[in-house]
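One structure is given here, and the rest of the page talks about it.
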Amino acid sequence: MTQTKAITTLEDTENRFGFVRVENEQFFPEWYEGLSEITEAEKASVDVVRRRYLYHRAGGDLLEGTVMNGTKKS
């Protein structure tokens, strides 16, 4: 009987199936069409959270603090 190693991270998935992360903002237009504009400060804050999420999630578990620390107000 053959045992297959479980996929536990996005990195595992990308490696096993040859997936490539797409960061094109035009990929799912229905996610952003018709929304009001956000400020440059809000865009910067969202970008910090996005980068932290992608960095931490790719190699392992995503802890609540990873996302929450990126959303704190100064």
Side-chain angles (χ1 to χ4, degrees):
M1 178 176 253
T2 303
Q3 184 176 6
T4 304
K5 182 182 172 197
I7 296 174
T8 59
T9 66
L10 287 176
E11 183 178 43
D12 289 346
T13 305
E14 291 168 353
N15 291 336
R16 186 174 297 180
F17 298 107
F19 291 162
V20 177
R21 182 177 296 134
V22 175
E23 295 191 28
N24 181 341
E25 293 179 7
Q26 307 300 314
F27 194 71
F28 285 113
E30 62 273 15
W31 289 5
Y32 61 83
E33 289 178 344
L35 299 176
S36 59
E37 285 293 316
I38 62 174
T39 67
E40 289 302 316
E42 290 169 327
K43 288 178 185 179
S45 180
V46 168
D47 189 53
V48 167
V49 173
R50 179 185 67 81
R51 283 185 285 123
R52 284 184 181 175
Y53 172 82
L54 292 174
Y55 174 80
H56 289 284
R57 189 60 185 145
D61 294 332
L62 181 65
L63 303 175
E64 181 179 356
T66 302
V67 175
M68 296 308 295
N69 288 335
T71 60
K72 288 182 180 178
K73 299 279 183 183
S74 305

**Message:** Is it the case that atom CD in Glu30 sees more than 12 heavy atoms from other parts of the structure closer than 6.0 Å?
**Reply:** yes

**Message:** Using the side-chain hydrogen bond (donor to acceptor under 3.5 Å, both in side chains) criterion, which residues pair with Asn15? Sequence neighbours excluded.
**Reply:** none

**Asked** Heavy-atom distance under 4.5 Å between the side chains of Val48 and Arg51, does that happen here?
**Response** yes

**Item:** For Gln26, side chain to side chain contact (heavy atoms under 4.5 Å, CB included) partners two or more places apart
**Value:** Asn24, Tyr32

**Message:** Closer than 4.0 angstrom, basic N to acidic O: yes or no for Lys43 and Asp47?
**Reply:** no

**Item:** Single-linkage hydrophobic cluster, 4.5 Å side-chain cutoff, Val22 and Phe28 together
**Value:** yes

